[in-house]
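The next block holds one structure in the form of structure tokens; read it before the comments.
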Amino acid sequence: MNNLALFASGSGSNVENIAKYFKKNNSTNISCVYINNPNAYVIERCINLGLPYKIFTREDFYDSDTVLSHLNELKPDLIVLAGFLWLIPSKIVKAFQGKIINIHPALLPKYGGKGMYGMKVHEAVVQNKDTETGITIHYVNEKYDEGSVIFQKSCAVTEADSAEEVAHKVHALEHEHFPKLIEDLLNK
Ligand code: GAR
């Protein structure tokens, strides 16, 4: 049985999509969704989907070993950042080297780095009149959005697209490709 840990900060549509994908697959279990925001909608999704979750604070993540110890006990085969906005502390990167992946809503290295997340990315794409954007799935290291790229997929952006429309296209790509890519990595 593969053991998957997810991290999320916001709405959690990717968490829900991944959970539904693996529900049909009895060789992969989502053993915990780690959530850093006590007001995030992802909590409601976890409750509705019956997913185990753990809400944690900055102190639990950076200043103590609360999250690290929890992960060490869980022994996940893969840690997936699915809309998670905090930098992963070095102690966790080191403990799970090559086992942490992130999804970013742009074609990295474009629109990456601290402060570049969610709608901010899509607003920048529209403002710069880019004709394409997309998704990047990459390994996580100690810097925001800089680990090696595993997968990218692009989509067209038209002059008529608003940032919300770009977000919609990017979410569709994420929902289509992220669970399959996770499955491929687990079966490697
Ligand atoms: C996703 O588009 C994901 O790529 C992005 O946050 C969104 C979360 O949506 N992640 C980042 O921007 C990380 N830098 P969701 O909560 O509906 O899954």
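Note that ligands are numbered from 1 as they come in the structure, with each ligand's atoms numbered from 1 the same way.
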* Asn102-ligand 1 polar pair, N/O distance under 3.5 Å ->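 In fact, backbone or side chain, Asn102 has no N or O that close.
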* Looking at ligand 1, does any of its N/O atoms fall within less than 3.5 Å of an N/O of Asp145? ->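 Asp145 vs ligand 1: no N/O contact under 3.5 Å.
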* Testing Asp130, Thr133, Asp145 for side chain to side chain donor-acceptor pair (under 3.5 Å) with Tyr111, which one passes? -> Asp130
With [atom] as the reference point, say which of [options] has the nearest heavy atom.
| atom | options | value |
| --- | --- | --- |
| atom 15 (P) of ligand 1 | Ser13, Ala40, Ser9 | Ser13 |
| atom 4 (O) of ligand 1 | Met119, His104, Glu174, Glu16 | Glu174 |
| atom 16 (O) of ligand 1 | Gly12, Gly83, Gly118, Gly115 | Gly12 |

* To do: Considering only non-hydrogen protein atoms, determine which one is nearest to atom 9 (O) of ligand 1 and report residue, atom name and distance to 0.1 Å.
  => His171 NE2, 3.1 Å
* Where is the nearest protein heavy atom to atom 11 (C) of ligand 1: which residue, which atom, and how far? -> Pro105 CD, 3.5 Å
Does atom [atom1] of [X] have more than 12 heavy-atom neighbours from other groups under 6.0 Å away?
| X | atom1 | value |
| --- | --- | --- |
| Glu59 | CD | yes |
| Tyr117 | OH | no |
| Lys91 | NZ | yes |

* Under 4.0 Å to a heavy atom of Ser11 - the qualifying atoms of ligand 1, by number -> 16 (O), 17 (O)
* Using non-hydrogen atoms of the residue, decide whether Ile103 is closer than 4.0 angstrom to ligand 1. => yes
* To do: For Met116 and ligand 1, answer yes if some heavy atom of the residue is under 4.0 Å from a ligand atom, otherwise no.
  =>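 So Met116 counts as touching ligand 1.
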* Determine, using ring centers only, whether Phe56 and His70 are less than 6.0 Å apart. => no
* To do: Decide if the gap between the ring center of Phe61 and the ring center of Phe84 is smaller than 6.0 angstrom.
  =>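 Yes, ring centres under 6.0 Å apart.
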* Tell me, do Tyr34 and Asp60 make a side-chain contact under 4.5 Å, heavy atoms counted? ->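 Side-chain contact under 4.5 Å: no.
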